[in-house]
Asker: 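Pasting in a structure now, in structure tokens, and then I'll have a few things to ask.
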Number of protein chains: 2
Amino acid sequence: MTHSLPPRGRRATGRITLNDVAHSAGVSPITVSRALRGERRVAPELIARVQAAARKLGYVPDPAARALASQHGSHVGVLVPALSNALFVDVIEEVQRTLRPAGYQALIGITHYDKSEEEQLLREQLLHRPAGLVLAGFDQSTAARALIADSGVPCVHVMETSEEEGVYSVGFSQREAASALTRHLLERGRRRIAFAAAQLDPRTLQRRDGWRGELQKQGLHDPKLEWMNPAPSSMALGGQMFEQILAQTPKVDAIFFCNDDLAQGALTAALRLGVQVPAQVAVAGFNDLTGSDQMVPPLTTVRTRRGEIGAAAARMLLGLMQRQAPAQSAIDVGFEVVVRGST
Amino acid sequence: MTHSLPPRGRRATGRITLNDVAHSAGVSPITVSRALRGERRVAPELIARVQAAARKLGYVPDPAARALASQHGSHVGVLVPALSNALFVDVIEEVQRTLRPAGYQALIGITHYDKSEEEQLLREQLLHRPAGLVLAGFDQSTAARALIADSGVPCVHVMETSEEEGVYSVGFSQREAASALTRHLLERGRRRIAFAAAQLDPRTLQRRDGWRGELQKQGLHDPKLEWMNPAPSSMALGGQMFEQILAQTPKVDAIFFCNDDLAQGALTAALRLGVQVPAQVAVAGFNDLTGSDQMVPPLTTVRTRRGEIGAAAARMLLGLMQRQAPAQSAIDVGFEVVVRGST
DNA sequence: CTGAAAGCGCTTACAG
DNA sequence: CTGAAAGCGCTTACAG
């Protein structure tokens, strides 16, 4: 027996292929392919034989070959506004934790709260034919929405929910959550409750609406109590806004910040300025971020279940990628008002 | 002319392929492939013709086909311990910003400071044949290092530097940075300087060594001043450690926390406990994270250039992926002691 | 510097 | 339920 050279043009990668498994199991490569992907229409005994052969040989499917033949990859695009907001980090962690065991990789894109960046990222990701998409919110550009629809790639939106037909989402009512927090402040006897926001993404505006609605019900709404700043959210900005609000509307007795980092900045500014919280003015935040429970005084806020959002979105997507209609197209994970010393 | 049906077995994707471009430009597909990848050995006029044809047809290479034929993908694996530490978020942002325009996608993996998780992630990523890797630090498992070496995938380590042959890195001297901060405290007249650390990853230990070395030089080192806690770093833990250190070593006059979140927690604990900072005890941190400049008093810390680290690492990797030896195999981006009110 | 041939390792679509 | 054929869209190696 001579040691034959590989024929001309042949490239040796040494990889164990479907064919090797097929030979070993005594079936055709297609049957191996089907058996390993858990497709129906394969006799149980064959499945067992194929799996045994695959295990024996240490076969691992080649994602690139699979992607080329099937016209879609094994990765899921996850587009979020920023990683500097711990909110999205928590969502991503759970998305990954759910997707990885199923053989999918999360490809994270950062939009910087910019629709056109989001659209650009989407274009790039779609070239790679992702198996699925996770997007934050519903404020994609029209072009971006068309790209997604045309691609046929299953997509789950997170953070907010929508009842729109054919749209999948996991989140909670931003508006309701803000209403609930505002009611808490009202119950504490506060009457001049300001709303202070930065970044001004759609969810921030929904929170503003929740706050506004509650005050209007009580006849307490006053446009002067609304402080909307388009700059990125930060502790420093929260401190500035706190100082400014107190200077310009001295009779304010509570401030509802749209995010905890602003509220944390306000609390440290209060220390610096000698403003008594909550005696003079109550301070509340949103999201219950790291450190909020450590503030002096500890911050009252809304705890959002972003880990759950990530996990549920990934599970829903897993179903959609296997062409299964989910039990519900919108999952509301709720929220929780956490009352601490600052109100 | 009849409208011919596609032959049996034919799948129509409607995609514009290399072949289409080749026909349009009147050259062979291989020449198109070479011209578009900027490979040498192609006549300039052909390159121009091919590029024009590609642009006219709106040709976009298929990453899956490319990956299958070339045996490596267009993505780069980036493995970091956590995204909850803003440090790594900044590194990742700049890695992505540098890699994307070159057509590479970053695939982020979170190791949770766990070598075996890192190894597992590496195995998964290597199956996808990444074009390159970015890893935090040098404490990979032996098996992980072997996997990388065997794969031949170019790899750049970040955060620390190493002069080891064949190892590529971008970072700074954690030890030196800690020494510099300790010297600052000594210059301020502090004598009983504690070091308080959590997480205890290799970089934390290097900082400890830097602190210890400076104190030993002055004959001021005392093992009782060393507080090493393996729990994850957080504001809450920083507050606890602060309280504990003051209770057990009342004569301490400065505490150097290995990370800003601990130090921030210490500063808020000080407010709660009525401990005067820096009058009674100075507090310093490391990394200059968000909010450190907003504390009361503002936190003295070491500003680390993690954005630069990410960008430089990505640039170095870009070269390595094109088989170019970098000018230097280790880039030290330095650091900066930022003195504020807490010391 | 350019190209014809072969192949990368899978899955789709068609039959049976 | 199973398979023989073809193909996904590129690039590698070999020639010239």
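The figures that follow rest on heavy atoms only: side chains count, while hydrogens, waters and symmetry mates do not.
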Asker: Give me each pair satisfying salt bridge (Lys or Arg N to Asp or Glu O under 4.0 Å) with a member in residues 58-74 of chain A, each pair once, sequence neighbours excluded.
Answerer: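 Counting only pairs at least two positions apart or across chains, the salt bridge (Lys or Arg N to Asp or Glu O under 4.0 Å) contacts touching residues 58-74 of chain A are A:Arg15-A:Asp62.
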Asker: Return each pair, listed once, that meets side-chain hydrogen bond (donor to acceptor under 3.5 Å, both in side chains) where at least one residue sits in residues 45-59 of chain B; pairs must be two or more places apart or across chains.
Answerer: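 For residues 45-59 of chain B, and leaving out neighbouring residues, the side-chain hydrogen bond (donor to acceptor under 3.5 Å, both in side chains) pairs sorted by first residue read B:Ser24-B:Lys56.
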Asker: Side-chain polar contacts of residues 127-140 of chain B - donor-acceptor pairs under 3.5 angstrom, sequence neighbours left out - could you list them?
Answerer:
from     : atom 1 : to       : atom 2 : distance (Å)
B:Arg129 : NE     : B:Gln71  : OE1    : 3.2
B:Gln140 : NE2    : B:Glu118 : OE2    : 3.2
B:Gln140 : NE2    : B:Gly137 : O      : 3.3

Asker: Expressed in angstrom and rounded to an integer, what is the separation of B:His23 atom NE2 from D:dG9 atom C1'?
Answerer: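 Roughly 14 Å, once rounded to whole Å.
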Asker: Dot-bracket for DNA chain D: what is it, with Watson-Crick or G-U pairs under 3.5 Å, [ ] where a pair crosses earlier ones, and | for a pair to another strand?
Answerer: |||.||||||||.|||
Asker: Round to the nearest Å and state the distance from B:Glu45 atom CD to C:dC1 atom C1'.
Answerer: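 It is 11 Å, rounded to the nearest whole Å.
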Asker: For the side chain of B:Leu68, starting at C-beta, report the closest nucleotide among D:dC10, C:dT2, C:dG9.
Answerer: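 Among D:dC10, C:dT2, C:dG9, the one nearest the side chain of B:Leu68 is C:dG9.
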Asker: Where each residue is assigned the nucleotide of DNA chain C containing its nearest heavy atom, which of A:His72 and B:Ser28 is assigned the position nearer the 5′ end?
Answerer: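 The residue closer to the strand's 5' end, by nearest nucleotide, is B:Ser28.
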Asker: With the threshold set at under 4.0 Å for non-hydrogen atoms, list the residues of residues 55-66 of chain A touching DNA chain D in residue-number order.
Answerer: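 Per residue number, the list is empty: none.
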Asker: Could you please spell out the steps behind the side chain to side chain donor-acceptor pair (under 3.5 Å) verdict for B:Thr17 and B:Asn19?
Answerer: CA-CA 5 Å; B:Thr17 70; B:Asn19 257 308; 4.8 Å; no
Asker: Taking the side chain of B:Ser70 as heavy atoms from C-beta outward, which of C:dC8, D:dT11, C:dT2 is closest to it?
Answerer: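 Closest nucleotide among those given: D:dT11.
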Asker: Are the side chain of A:Thr161 and the backbone N or O of A:Gly171 linked by a donor-acceptor pair below 3.5 Å?
Answerer: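 Not at all, since once roles are kept as given, no pair shorter than 3.5 Å links the two residues.
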Asker: Could you walk me through whether B:Val158 and B:Tyr168 pass side chain to side chain contact (heavy atoms under 4.5 Å, CB included), step by step?
Answerer: CA-CA 9 Å; B:Val158 290; B:Tyr168 300 99; over 6 Å; no
Asker: Answer yes or no: does a side-chain N or O of A:Arg15 lie under 4.0 Å from OP1 or OP2 of C:dC8?
Answerer: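 The answer is no; no side-chain N or O of A:Arg15 sits under 4.0 Å from OP1 or OP2.
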Asker: What pairs meet the salt bridge (Lys or Arg N to Asp or Glu O under 4.0 Å) rule with one or both residues in residues 149-159 of chain A, with sequence neighbours excluded?
Answerer: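 Residue pairs passing salt bridge (Lys or Arg N to Asp or Glu O under 4.0 Å), neighbours aside: none found.
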Asker: What is the distance, rounded to the nearest whole Å, between atom CG of B:Asn19 and atom P of D:dC8?
Answerer: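 It is 10 Å, rounded to the nearest whole Å.
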Asker: May I have the distance from A:Leu18 (atom CG) to C:dT12 (atom C1'), rounded to whole angstrom?
Answerer: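 These atoms are roughly 14 Å apart.
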Asker: Salt bridge between B:Glu119 and B:Lys115, side-chain N to carboxylate O under 4.0 Å?
Answerer: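 Salt bridge between B:Glu119 and B:Lys115, a charged N being under 4.0 Å from a carboxylate O: no.
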Asker: With a 4.0 Å cutoff (strictly under), does any side-chain N or O of B:Thr31 reach OP1 or OP2 of C:dG3?
Answerer: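 Yes.
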Asker: How close or far is atom C1' of C:dC1 from atom CG of B:Leu46, stated in whole angstroms?
Answerer: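 After rounding, the gap between these two atoms is 9 Å.
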Asker: Rounded to the nearest Å, what distance is computed from the CZ atom of residue A:Arg129 to the P atom of nucleotide D:dG9?
Answerer: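 Value for this atom pair: 7 Å.
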Asker: Is a donor on one side and an acceptor on the other found under 3.5 Å between the side chain of B:Arg37 and the backbone of B:Ser33?
Answerer: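 Yes, B:Arg37 side chain to B:Ser33 backbone: donor-acceptor pair under 3.5 Å.
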Asker: Please state whether the phosphate of D:dC10, meaning OP1 or OP2, lies under 4.0 angstrom from any side-chain nitrogen or oxygen of B:Arg34.
Answerer: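 No, outside the criterion.
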Asker: Measure from CD1 on A:Ile30 to P on D:dG7 and round the result to the nearest Å.
Answerer: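 So the CD1-P distance, A:Ile30 to D:dG7, works out to 15 Å.
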